[in-house]
Amino acid sequence: MHDIRAVRADPAAFDAALARRGLAPAAAAVLRHDEARRAAQTALQEKQARRNAIAKEIGIAKRQGADTAALEAEAVTLREEMAALDAAAAAAEREQAALLEVLPNILDPEVPEGSDETANVVLHQSGEPLVFPFTPKQHFEIGEALGLMDFGTAAKLAGARFTVLKGALARLERALGQWMLALHTEAHGYTEASVPLLVNDATIHGTGQLPKFAEDLFRTTDGRWLIPTAEVPLTNFAAGEILPESALPIRLTALTPCFRSEAGSAGRDTRGMLRQHQFAKVELVSITAPEHSAEEHERMTRCAERVLTDLGLTWRRVFLCAGDTGFSAARTYDLEVWLPGQGAWREISSCSNCRDFQARRMNARMKPKDGKGNVFLHTLNGSGVAVGRALIAVLETYQQADGSVRVPDVLLPFMGGVSRIG
RNA sequence: GGAUGGGUGGCCGAGCGGUCGAAGGCAGCGGUCUUGAAAACCGCCAGGGCGCAAGCCCUCGUGGGUUCGAAUCCCACCCCAUCCGCCA
């Protein structure tokens, strides 16, 4: 959500920011409602002031036994006038909020220009694509050949875009999640959390999925939402709170299933388990003072990169361009992993600094150490990393000529003695 | 699902329909005192909107209603606690 005062102060800058995302100007429409709201509100407040004065006078007059009929008559008239003004102010406010809540965050000035992923900028690459002495297979070929990855059964149980893992592959998925959690809690200072996977309207609105992206989500019959990422519950820990600055930064991590409807992605990545309705992910969330979010963003991204490096994967950091940066983010780094079987770089993590955009939506503030007044917090989220896609990357990277898969060293303590699958 | 009791400022906790945005306490901030700290004492201390300012307005879970006037009365809903039922 945007600060209406910022729009008021510099409408042209606001529209220019929207233009970077390829969006039409909106400041004029927003300000039209803002002005209508303020006009109605000012008029309303004058009536309210008069109403309060009359009520006070009546109170005094009654105590003295004086006649109050004239005052009461004026108050009744006022009440009718106020009702109309109140309705006008409320309507203007609703319309302004409706416009504002579907506008994305203002981008960091450093975000590269561009309308789609072709304009993203590779900042750093770790390792080179592996050269295989054989033709590397894709993950689903490996998994199905091992008899440990079963799309047929998953389709029977639930439909397309689900996967059944068995035996050592199920264990490998679990090991990946466990190991990542251990790394972030023990080496990176994050606090592990176990959170609701079903959340209410306010919570999912707070992080920005509602109202604009409802079609990407699953909704329960009692009106709750399945989380598309643990970012939603974790970030909302701060919702409605006024945190002392001394409590910051708050660093939270959770391993959860994520549920996405994948509406609009029909036909994309239909083979294998790259794009699923349900997948496991270790999420990182940081809640910081405004002046520290930029450095926290770099730190968080390094925490995610550490996962890929320690797994021995080939990866690169990509600075998302204006058109590819998500709704709530001011600045996003994607981590892409090299998939030898597919012969492509694929997103495995996305680390975003949302600044105060989500905090405004969820009214999350902090009380500064020194100064007066409360300020909105900054929120950041990043995958640390997507477990399902990490599994894919491990399978394709560690596959052997005989169809077996070696287990990365860091996972050995979590694999119950299994060092080779197949 | 049924029954009961509750939702008031950062926290705890008062609040006969009218000078209540709200007593008191705790925490916090500033000061006096002290070599320093503690204690004691004094003062300040909710959030938001409009305004250059003075100031005005809104907010006592949310939304309606009654009233000249609602934290206080009525209705609905939400949430929390406890007990019962059911259940992993």
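Spacing between B/rA14 and B/rG7 at atom C1', rounded to whole Å, works out to 15 Å. With both ends at atom C1', the span from B/rC86 to B/rA3 equals 16 Å, rounded to whole Å. B/rG13 sits 9 Å from B/rU8 when the P atoms are compared, rounded to a whole Å. When the P atom is compared between B/rC80 and B/rA88, the two are found 23 Å apart, to the nearest whole Å. Spacing of P atoms, B/rC79 relative to B/rG63, comes out at 16 Å, to the nearest Å. Distance noted for atom P between B/rC83 and B/rG69: 44 Å (whole Å). Rounded to a whole angstrom, the distance from the C1' atom of B/rA46 to that of B/rC12 is 15 Å. Between B/rC26 and B/rU35, the distance separating the two C1' atoms is 30 Å to the nearest Å.
In this view, A/E46 and A/T42 satisfy the side-chain contact (heavy atoms from CB on, under 4.5 Å) rule, not counting sequence neighbours. With sequence neighbours excluded, no residue forms a side-chain contact (heavy atoms from CB on, under 4.5 Å) with A/T221. For A/E144, the salt bridge (charged side-chain N to carboxylate O under 4.0 Å, His left out) criterion is met by no residue, not counting sequence neighbours. Residues satisfying the side-chain contact (heavy atoms from CB on, under 4.5 Å) criterion with A/A193, sequence neighbours excluded, are A/V195, A/L234, A/F237. In this structure, the side-chain contact (heavy atoms from CB on, under 4.5 Å) partners of A/Q48, at least two apart in sequence or on a different chain, are A/L44, A/Q45, A/R51, A/M82. With sequence neighbours left out, the side chain to side chain donor-acceptor pair (under 3.5 Å) criterion links A/R271 to no other residue. Considering only residues two or more places apart in sequence or on other chains, A/E57 meets the salt bridge (charged side-chain N to carboxylate O under 4.0 Å, His left out) condition with A/R50.
Between A/M366 atom CE and B/rG47 atom P the separation is 14 Å, expressed in whole Å. To the nearest angstrom, C1' of B/rG10 lies 7 Å from CD1 of A/I242. In this structure, the CZ atom of A/R79 is 10 Å from the P atom of B/rG65, given to the nearest Å. Atom CG in A/L78 sits about 10 Å away from atom P in B/rG69, given to the nearest Å. In this structure, the NZ atom of A/K47 is 18 Å from the P atom of B/rC68, given to the nearest Å. Rounded to whole angstrom, the span from the CD atom of A/E93 across to the P atom of B/rG63 amounts to 11 Å.
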Quick one: which protein N/O atoms are closer than 3.5 Å to N/O atoms of nucleotides 17-20 of chain B? Pair and distance per line, please.
from, atom 1, to, atom 2, distance (Å)
B/rG18, N2, A/A55, O, 2.7

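Residue whose closest nucleotide on RNA chain B sits further toward the 5' end, between A/R365 and A/L71: A/R365.
Residues A/K281 and A/E231 are not paired through a salt bridge, judged by the lack of any N-O separation under 4.0 Å between the basic side chain and the carboxylate.
Sorted by first and then second residue, the pairs that involve residues 106-116 of chain A and meet side-chain hydrogen bond (donor to acceptor under 3.5 Å, both in side chains), not counting sequence neighbours, are A/R20-A/E113, A/D108-A/R331, A/D108-A/R355, A/E110-A/R331, A/D116-A/T118.
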Scan the side chains in residues 159-176 of chain A for donor-acceptor partners under 3.5 Å anywhere in the protein, sequence neighbours excluded, and list what turns up.
from, atom 1, to, atom 2, distance (Å)
A/R161, NH1, A/R268, O, 3.3
A/R161, NH1, A/D269, O, 3.3
A/R161, NH1, A/R275, O, 3.1
A/R161, NH2, A/S265, O, 3.0
A/R161, NH2, A/R268, O, 3.0
A/T163, OG1, A/Q276, OE1, 2.5
A/R171, NE, A/F414, O, 3.1
A/R171, NH2, A/F414, O, 3.3

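Within 6.0 Å of CZ on A/R8 lie more than 12 heavy atoms contributed by other residues, nucleotides or ligands.
Ring centroids of A/F327 and A/F213 are separated by less than 6.0 Å, placing the two rings close together.
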> If the sugar-phosphate is the primed atoms plus P, OP1 and OP2 and the base is the rest, what is the B/S/- string for nucleotides 49-61 of chain B, using protein heavy atoms under 4.0 Å?
Replying inline: BSS----BBS---

>> Both atom distances under 3.5 Å, Watson-Crick or G-U wobble: I'd like the secondary structure of RNA chain B as a dot-bracket string, with | for pairs made across strands.
In response: ((((((((.[[[..)..(.....]]].(((((.......))))).(((((....))))).[[[[[..)....]]]]])))))))....

